[in-house]
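Below: the structure, in structure tokens.
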Amino acid sequence: MAGSVAMNPVVLVHGGASSEIPQDLEERLRQGVVRAATAGYKVLKEGGRALDAVEAAVTILEDDPEFNAGHGAVLNAEGTVEMDASIMDGRDLSSGAVCAARCIANPIQLARLVMEKTPHCLLTSHGAAKFACAMGVPVIPGEQLITERNRQDLEKEKQKTDAETPSPQKNQGTVGAVALDSNGDVAYATSTGGLMNKMVGRVGDSPCVGSGGYADSAMGAVSSTGHGESILKVNLARLILFHVQQGKAVGEAADTALGYMKSKVKGEGGVIVVSNAGDWAAKWTTESMPWAAAQDGKVHFGLHRDEARVFSLP
Ligand code: GLY
């Protein structure tokens, strides 16, 4: 590239901020985020754009039944799956999203089509379904997205008495990715089934630009996870980039904004952040969050607070 230095590409993914992950699930979640980060990194190393990398990574996590997005999305109060997703290109702030989408395998791909093929940013359930049909996106039976674990979790949740605490933050396997490509551009993608036992039609932060994610190549990119209503109230993703704009390092910016969300609205969550200089951070206020980052031929990953492992890609 004449006149500019190629950036060192990086991609980060998360598999949802969570308060209780069954031990037998932990290793599968680690493997899932590592697989997604590795795939996103391959796209970047082959000269692909940040936008392509985040879409590829999130598609893998949507297809993985262990995460709360696409196949494996949690069930709403009527026992059906309604999914939210959004994607944003930091080059020019173009963005696309779908919410309360049903009966498609990969909401993130439909969000990208909204971005690229319509003059709009967000399509809701019925409109999203009509648009998917017009774009030739296959309709699949909603049942195909449902796992036995999610069916049982909903049943258990519904059997709880009023005296027992409902688990509004349980089963948080929202997925997301952020990337910086060798041109210096950033992007984010976020996808979720939302909260288990949510009201029909409830929409969270994930399809909302500024809350569920943000990407601006002048600053960096963020993908959020956690309690959607809290994330919406503080515009979590844009708030983090505001702190980055003000000169904070990415990790400090994430901690500051997550801390604000906790003290102001008692909301918990997690984020992945990459700056346009290639600095990155994965932060959360819940107990754990599976995450992985690929940069310089290495994959870093973890799930618990004190855990940071690394291996070199072949
Ligand atoms: N953070 C995902 C949701 O609340 O829907």
Side-chain angles (χ1 to χ4, degrees), residues 13-21 29 33 54 58 61-62 66-70 72-78 80-88 97-102 107-108 110-111 122 124-125 128 145 150 153-154 157 166-178 188-214 221-240 254 257-258 260-262 265-273 282-291:
V13 307
H14 70 74
S18 200
S19 39
E20 37 183 274
I21 296 180
L29 296 179
V33 288
V54 295
V58 165
L61 294 168
E62 285 179 338
E66 308 300 355
F67 296 93
N68 172 16
V74 297
L75 304 182
N76 65 18
E78 288 184 353
T80 56
V81 164
E82 287 187 330
M83 301 168 290
D84 302 335
S86 64
I87 192 164
M88 187 171 195
V98 293
C99 64
R102 296 177 178 220
I108 201 65
L110 189 59
L122 172 60
T124 66
S125 56
L145 298 167
N150 282 331
D153 281 347
L154 181 66
E157 187 69 19
S167 350
Q169 306 211 359
K170 192 172 173 267
N171 218 341
Q172 299 167 325
T174 295
V175 305
V178 295
Y188 93 83
T190 304
S191 182
T192 190
L195 297 178
M196 180 183 32
N197 204 21
K198 65 187 178 181
M199 289 174 69
V200 172
R202 178 267 188 189
V203 172
D205 60 298
S206 303
C208 299
V209 163
S211 293
Y214 203 78
V222 176
S223 170
S224 316
T225 165
H227 184 237
E229 284 71 9
S230 302
I231 295 171
L232 280 166
K233 287 172 190 168
V234 303
N235 284 191
L236 184 63
R238 189 61 183 83
L239 180 60
I240 289 170
L258 285 166
Y260 174 73
M261 183 166 90
K262 198 167 178 173
V265 295
K266 298 190 177 64
E268 300 212 279
V271 293
I272 46 174
V273 191
K283 297 280 185 171
W284 59 94
T285 51
T286 49
E287 220 168 271
S288 48
M289 181 180 84
W291 63 273

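Whatever order the structure lists ligands and atoms in, that order sets their numbers, starting from 1. In this chain, residues are counted from 1 in sequence order.
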Pair Y214-S224, side-chain donor/acceptor within less than 3.5 Å | no
So, S223 versus T190: side-chain donor-acceptor pair below 3.5 Å or not?
-> yes
Ligand 1: protein N/O within less than 3.5 Å of ligand N/O:
residue: ligand 1; atom: 1 (N); partner: D205; partner atom: OD1; Å: 2.7
residue: ligand 1; atom: 1 (N); partner: G226; partner atom: O; Å: 2.7
residue: ligand 1; atom: 4 (O); partner: R202; partner atom: NH2; Å: 2.9
residue: ligand 1; atom: 4 (O); partner: D205; partner atom: OD1; Å: 3.4
residue: ligand 1; atom: 4 (O); partner: G226; partner atom: O; Å: 3.4
residue: ligand 1; atom: 4 (O); partner: G228; partner atom: N; Å: 3.0
residue: ligand 1; atom: 5 (O); partner: R202; partner atom: NH1; Å: 2.7

In this structure, OG of S18 is separated from CH2 of W284 (nearest 0.5 Å) by 12.0 Å
Gap separating the CG atom of D205 from the CD1 atom of I231, nearest 0.5 angstrom = 3.5 Å
With rounding to the nearest 0.5 Å, note down the distance linking CE in M289 to CG in L29.
-> 12.0 Å
Do K198 and E229 meet the salt-bridge criterion of a basic N to acidic O distance under 4.0 Å?
-> no
